[in-house]
Amino acid sequence: MQLSIPFSPDQASSYSGRVDALFAFLCVLTILFGAVITLVIIYFAIKYRRRKEDEIPRGVEGSMRLELFWTIGPFLIAMGIFLWGSSLYFTMYRPPDEALEIYIVAKQWMWKFQHLDGQREINELHVPVGRKVKITMTTEDVIHSFFVPAFRIKMDVVPGKYSKVWFEPTKPGRYHLFCAEYCGTGHSRMIGWIDVMEASEYQAWLAGGAAEGSLASSGEKLFQQLACNTCHRSDAQGRGPVLEGLFGKAVQLSDGSTVIADENYIRESILNSQAKIVAGFQKPSIMPTFQGLISEEQVLQLVAYIKSIGTKQPTEGGAAKPQPPTTQQ
Amino acid sequence: MREHIVSPKVYFAVFTALAVFTVVTWSVAKLDLGFLNVVVALTIAVIKATLVVLYFMHVRWSSRLTWVFVCAGFFWLAIMVALTLSDYLTRGWLTVAAP
Amino acid sequence: MATHAGLAHHFDDVEQQREAGTLGMWAFLVTEVMFFGGLFMAYILYRWKYPSEFAVASNSLNVTMGFINTLVLICSSLTMALAVYFSQIGNRRLITVFLLLTMVLGTTFLVIKGFEYHEKYVEHHVPVRFPTYEFKWEPHVSDHAGAHEATSLAVDTGRVEMFFWLYFAMTGVHALHMIIGLGILTTLVIMTRRGRFTPEYHSPVELSGLYWHFVDIVWIFLFPLLYLIGAHLHR
Amino acid sequence: METAAEVVPPRTHYVNARYGVKSWLLTTDHKRIALLYLASVTFFFFVGGFFAVLIRLELLTPQGDLVQAETYNRLFTMHGVVMIFFFLIPAIPAVLGNFLVPLMVGAKDLAFPRINLLSWYIYTLGATFTVIAILLGGVDTGWTFYTPYSSTYSNGNVILTGLGVFIVGFSSILTGLNFIVTIHTMRAPGLTWFRLPLFIWSHYATSLIMILGTPVIAVTILLLALERLAHIGIFDPALGGDPVLFQHLFWFYSHPAVYIMVLPAMGVISELVANMTRKNIFGYKFVAFASIAIAVFGFLVWGHHMFVSTQSVYAGMVFSILSYAVAIPSAVKVFNWTATLYKGSISYNTPMLYAFGFIGFFIIGGMTGLFLAALGVDIHVHDTYFVVAHFHYIMVGGTIMGYLGGLHYWWPKISGRMYPEGWARFAALVIFVGFNLTFFPQFLLGYMGMPRRYYAYPEEFQVLNVMSSAGASILGVGYLIPMIYLIWSMRYGPHASANPWGAFGLEWRTSSPPPTQNFEETPVVTWEAYEFHPREEREALGVMDVLDRTLRPNVNVGDRG
Ligand code: HEA
Ligand code: HEA
Ligand code: CUA
Ligand SMILES: [Cu+2]
């Protein structure tokens, strides 16, 4: 639904029109209720104004029918808004499976972006128009919040875990990026831009950026440097589980429960190996914890690497390449 | 509403029960019962607390209003716990539900 | 309507005053439930998230002391209840005796608690990060070898520290309530000595009793939740 | 009213019963304690207003050029902390509530007069800590104190401010406790629950929130302070702690707290609407139970402040639907107030003007709450000026209007003098205009995407910000006028009769100002709430009620003349 209302920022994402539509509906509702009640009050106030100082009117009993009417009526309207709002919420917060992936590490007071291909940006993000973009975010210090008014999207970035957000830009342009969660002195300077480019321009931009190898390949290097590969080998001969094909699968844990191996799980496995132990492995995991030894960015690289080998393709970063925009979900 | 005087005998009986329950809860805790450990420990704790509230604190003989207040206290605690956990317990769901 | 020395001017009669006092005390206890409730909420959340760390950390507490303290507190509740009883029937000497007994038991509790805290301090189990003192956690492998050796190792130090943080917060706030309770009891003893209480007017004793029992109830929950969740790890 | 002075003979009442500083600082008279609170919260209102002035000055220009970013952050934090904890939460309950609850239930005092005084001292102690924190440079965490910023990164006086908030919480608990017990046990003979004025119902509901919610913020702030002291704690991700848990605990109190701020004002409005139309309120029981429903449901919705906090999407939905549930009783109240006007005898006195203002602003503020509770929209407007506008509409437009309306309405009872009606209407108008100019543009700013707590902002937001700042200066003047003429009237205003409005309610059946023991003799209630009878009916029924006696101006009950 496309609907443009004054005082709204650009509509530049696939769902910004839908947000505006609900917003417009609520505005109409507010004006309606506001106007009707105000007019009634003014009418009564004039009609029944006090004419004599000691006048006392005859009382009016309450009315059960009216009470029910104005309890149930607003309730139904409210439930309508609730349903509308939540369906939108689901759309906006449920990440699509197929998307261009971007990683963010936020810190006081900057946004650090990492593209899968290895390009890094600070406070400015380039994305192609018409592609779904999925962002995985974490922070090195306090809570921040990723806010792009033109996309109508916002999500907090919380220390100690990954949060995710997605959008599909529909209009090329340059849009504000704000930090919306108060984070200290530089909070209002923690702003940046999202550059939405035509697909061809974007390709050119990608090619122009001097990348030091894709994110996954940096992760792979790290995987060797940190000697992860001594235990995690693709031939199932290591002391740890095989990580190929892990991502997105259900993992059976030693306490009998299962978890889906998503980014947060992999992050936790690396930083706090004792927290969740894979079924069939020794209870105090022999895997050391890497908490405090590697930076958030390095964790991200490792996660990206493990993700890239998750789709059982040859490890050489094939899966990590951005898909062409034609890919259907 | 005149006040009710509880005989010391009742107090001693309740005291004995509390002491016995304390010993029981300690002994049971030493066995490894899996998740039942928590259940047993909390059940006993709730029974003990109820005894104290009903007898030592005289709620058994108190007005309805007192009952309402006692229940409200625990009910509100339950609200806090239940709704907070409604967040934590469902955090993983969205990933699972994704097609 | 007999006017009584204990009757405040704005009440109609002693009955109304007593009712107001009781209701006020219960309303206050409701706030206390919510106050401790915040701590219990945190406990429940992290206990659910990190069960093995909590069990292992709990295992290092001194259960015997905790157990004795539980008994001490239950005894003190009994003596408090009896003090209230004697105030109801107007035996001034026995009110004093039982109030003093309650105080002795309460103090015993605090002294034992003090020893426990000291033990934790020596073991470096106080969860703080100061230049001079830091939390330390060495898995006691040798202590309890055997079937459960494995479990005792499978922990993350940070989460153990979390347990101790909650342990100190919860028992600390509880101990603070005990100290306040002892102050109240002291006042009661003085008031009793001055002959302020009669079978008609003894609300202060009764209300302080409610408070004291409440503090006992908190401990009734703290004991299993803090001390016993790791008890099965020893054999 | 000009001839008032000559009629009134000297009479002892609570103000002139005793003299001297000690007689005020050690008083246990609820009416005097209310005045102590009046002075304190007024002081803090102007402190908070002073910060607001600086905020609005800074926001005149897009570049942050008046103060440093760090200073600005301290300004809005202290503004929020002072306004919420030291002004708005105590404002109506501790001033009007303290004064009126015993009068309205026909009691001599609150159930625990000394605890009432203690609560003022606790308030003062907490305020002292906070003022010291302000003087030492303030605190920069935002009034929400989110961890880990507050626990680890901030370099403001978090602990001192936290201590202030912690302490002042207990004064609020004690006030609530006193009200609950008083309303339960000290009602005059014949005054059944459904004969109580709605002011009492709403204060009862408020008190429930105070005793059930406030301890949770106390313990949360305590944990925060300890975490800051020990450099470690349960909200610290390094230990596996969860910063979001802090938000849960904080909002478990702070959402219900917004109803602590609005329910008393609703009580005032119910009194004003009924008495200024001289009619029983339409649907008395619905309005009464709506207060209780708001208090209870208010505890179930706190997560609507956390829709984008990484809280589970499903929990978000639960909190959203419950937020809509709590909006219904508010709607019921609005409709019943409106219906009460029907066939009333509506006066345009200043209190009634404020009541009209309240209803209008509350509709806008409340309906924009529905925007915020709509999950998909909140993603966009969360932490923008839209939220800022929402809560100022309810808290400044709603509650302060209710507070001022109540203050004017009961001023004759409190001070024994009338305020100057002309000035008062003028001030109400100035406030109305200034308020809208200040805060309406903020809705637009918010939807355009201007985040809150920004001391510098992109240029396209400037025009609306200038409007807002201009409005704030009008608003500031609007607030100064009542302050001046109310103080003036204490000395020079015409003497008020016992019941200058021809209102119902027990408080109008004793003299103005009331004697220390409130009533010459304990009243016995034989009438329903707001049971106004037209003259013919009264004659037929043979009831000569208080109106007949007091509608004649200048007559005080005590005078019996
Ligand atoms: C007195 C204070 C007060 C009151 C009464 C309210 C009342 C409400 N508030 Fe508000 N709120 C605040 C003070 C208040 N709020 C503050 C201070 C914040 C920000 C805190 C911070 O982050 O600093 C906030 C933030 C806030 C948020 C979080 C926004 C965000 O940060 O993203 C939300 C979200 O749901 C919300 C919703 C509501 C709702 C649904 C109501 C409802 O109770 C409103 C009910 C009223 C009505 C609905 C109007 C009357 C009814 C009609 C005219 C009939 C028509 C009705 C229907 C059709 C249903 N509020
Ligand atoms: C009861 C609560 C209350 C009240 C009454 C007010 C009153 C006002 N508030 Fe406030 N406000 C909050 C509660 C309140 N506020 C809260 C909780 C926040 C959030 C804080 C946070 O983010 O942590 C906030 C935040 C807030 C912001 C957002 C800051 C930001 O996010 O960056 C702004 C901006 O315009 C603002 C403005 C105002 C204005 C103009 C008034 C006006 O109504 C004030 C009018 C009063 C006066 C102007 C005083 C009159 C006195 C004089 C005129 C004399 C002054 C003396 C000198 C100048 C020497 N407030
Ligand atoms: Cu980062 Cu605000
Ligand atoms: Cu809220």
Side-chain angles (χ1 to χ4, degrees), chain A residues 7-9 19 22-23 26 30 33-34 37-38 40-41 44-45 48-50 54-60 62 66-67 70-71 74-75 78-79 81-82 85-86 88-90 92-93 141-143 145 147 149 152-156 158-160 163 176 178 180-188, chain D residues 69-70 73 142 146 148-149 153 237 243-244 278-280 282-283 286 308-310 313 316-317 320-321 324 327-328 331-332 334-335 338 341-347 356 360 363-364 367 370-371 374-377 379-380 382-383 444 447-449 451 453-456 458 502 532 534-535 551:
Chain A
F7 292 106
S8 71
V19 175
L22 176 51
F23 185 79
L26 287 164
T30 307
F33 272 99
I37 297 176
T38 312
V40 170
I41 288 180
F44 284 168
Y48 302 115
R49 68 183 176 278
R50 185 170 298 172
D54 61 351
E55 165 185 67
I56 293 188
R58 191 168 302 275
V60 177
L66 269 180
E67 299 288 348
W70 61 49
T71 307
F75 180 75
M79 287 306 110
I81 309 172
F82 162 71
S86 358
L88 203 55
Y89 192 56
F90 258 88
M92 295 167 80
Y93 270 180
D141 36 53
V142 301
I143 303 179
S145 192
F147 176 31
R152 313 285 188 274
I153 194 67
K154 182 180 291 121
M155 178 54 111
D156 279 6
V158 180
S163 47
H176 278 297
F178 293 125
E181 181 60 62
Y182 175 67
C183 55
T185 312
H187 167 59
S188 52
Chain D
E70 194 151 316
N73 295 343
Y146 275 15
Y149 184 73
Y153 292 86
V244 179
R278 301 233 175 100
K279 252 179 101 245
N280 187 3
F282 194 87
F286 288 89
V308 308
S309 70
T310 70
V313 171
M317 289 176 60
S320 169
I321 198 168
Y324 286 110
I328 305 304
V332 168
V334 170
F335 292 128
T338 311
L341 300 179
Y342 176 64
K343 290 197 174 167
S345 160
I346 303 167
S347 142
F356 287 140
I363 292 174
I364 299 180
M367 292 290 288
L370 302 182
F371 289 55
L375 292 152
V377 173
I379 293 183
H380 177 55
H382 170 77
D383 268 355
L444 307 178
Y447 202 70
M448 285 166 74
R453 298 172 174 175
Y454 264 32
Y455 101 113
F532 290 95
R535 177 147 308 204
L551 265 182

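Lettering follows sequence order; numbering is per chain, from 1.
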J.: Identify which of D:Pro237, D:Ser345, D:Pro451 forms the greatest number of heavy-atom pairs closer than 4.5 Å to chain A.
T.: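 Looking at each option in turn, the highest pair count goes to D:Ser345.
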J.: Closest approach of A:Thr185 and D:Ala69, non-hydrogen atoms and distance?
T.: O-CB, 3.4 Å
J.: Looking at CZ of A:Phe75 and CD1 of D:Ile328, how far apart are the two atoms once the value is rounded to the nearest 0.5 Å?
T.: 6.5 Å
J.: Please look at D:Tyr342 and chain A and tell me whether the side chain, the backbone, both or neither of the residue comes under 4.5 angstrom of a heavy atom of that chain.
T.: both
J.: Considering non-hydrogen atoms only, spot the tightest contact between D:Ile346 and A:Phe44 and give its length.
T.: CD1-O, 3.4 Å
J.: Would you call the rings of D:Tyr447 and A:Phe23 parallel, tilted or perpendicular, where under 30° means parallel and over 60° means perpendicular?
T.: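 Ring orientation, 0 to 90° scale: parallel.
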J.: Nearest 0.5 Å, what's the CE-CG distance between A:Met92 and D:Leu375?
T.: 10.0 Å
J.: Do you know which two heavy atoms are closest between D:Met448 and A:Pro149, and how far apart they sit?
T.: O-CB, 4.0 Å
J.: Got a donor-acceptor contact below 3.5 angstrom from the D:Lys343 side chain to the A:Pro57 backbone?
T.: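 The answer is no, because no donor-acceptor pair under 3.5 Å joins these two groups.
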J.: Mind running side-chain contact (heavy atoms from CB on, under 4.5 Å) on A:Phe147 and D:His380 for me, showing each step along the way?
T.: CA-CA 8 Å; A:Phe147 176 31; D:His380 177 55; 3.7 Å; yes
J.: Measure across D:Tyr153 and A:Val142 and return the closest heavy-atom pair with its distance rounded to 0.1 Å.
T.: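 Answer, listing the atom of D:Tyr153 first, then A:Val142: CD1-CG1, 3.1 Å.
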J.: For A:Pro159 versus D:Pro148, what's the shortest heavy-atom pair and its separation?
T.: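 Nearest pair, atom of A:Pro159 first, then D:Pro148: CG-CG, 3.8 Å.
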J.: Once you round to the nearest 0.5 Å, how far does CZ of D:Phe532 lie from CD1 of A:Ile56?
T.: 6.5 Å
J.: With respect to chain A, which residue among D:Thr310, D:Thr338, D:Ile363, D:Val377 yields the maximal number of heavy-atom pairs within a distance under 4.5 Å?
T.: D:Thr310
J.: Is it the backbone or the side chain of A:Phe178 that comes under 4.5 Å from a heavy atom of chain D, or both, or neither?
T.: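 Its backbone and side chain both get close to chain D.
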J.: Do you know which of D:Ala327, D:Pro458, D:Gly316, D:Gly344 has the most heavy-atom pairs under 4.5 Å to chain A?
T.: D:Gly344
J.: What pairs with A:Ser145 under side chain to side chain donor-acceptor pair (under 3.5 Å), at least two apart in sequence or on another chain?
T.: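 Checked A:Ser145 against side chain to side chain donor-acceptor pair (under 3.5 Å); matches are A:Asp156.
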J.: Looking only at heavy atoms, what is the nearest atom pair of D:Pro243 and A:Val158, with distance?
T.: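 In this case the closest contact between D:Pro243 and A:Val158 is CG-CG1, 4.0 Å.
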J.: Run the side-chain contact (heavy atoms from CB on, under 4.5 Å) check on D:Phe335 and A:Thr71 step by step: do they pass?
T.: CA-CA 9 Å; D:Phe335 292 128; A:Thr71 307; over 6 Å; no
J.: Assess the residue pair D:Val332 and A:Glu67 against the criterion (side-chain contact (heavy atoms from CB on, under 4.5 Å)); give the C-alpha distance rounded to whole Å, side-chain angles, the decisive distance to 0.1 Å, and a yes or no.
T.: CA-CA 7 Å; D:Val332 168; A:Glu67 299 288 348; 4.0 Å; yes
J.: If you measure from NZ on A:Lys154 to CG on D:Asp383, what distance do you get to the nearest 0.5 Å?
T.: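 One finds 6.5 Å between NZ of A:Lys154 and CG of D:Asp383.
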J.: Where on A:Thr38 is there a heavy atom nearer than 4.5 Å to chain D: the side chain, the backbone, both, or neither?
T.: neither
J.: Between D:Arg453 and A:Tyr182, is there a donor-acceptor pair closer than 3.5 Å when you use the side chain of the first and the backbone of the second?
T.: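 Absent.
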J.: Could you tell me the separation between the CD atom of A:Glu181 and the OG atom of D:Ser309, rounded to the nearest 0.5 Å?
T.: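 Going from CD on A:Glu181 over to OG on D:Ser309, the span is 9.0 Å.
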J.: Decide side-chain contact (heavy atoms from CB on, under 4.5 Å) for D:Tyr149 and A:Ile143; before the verdict, give the C-alpha distance in whole Å, the side-chain angles of both, and the deciding distance to 0.1 Å.
T.: CA-CA 7 Å; D:Tyr149 184 73; A:Ile143 303 179; over 6 Å; no
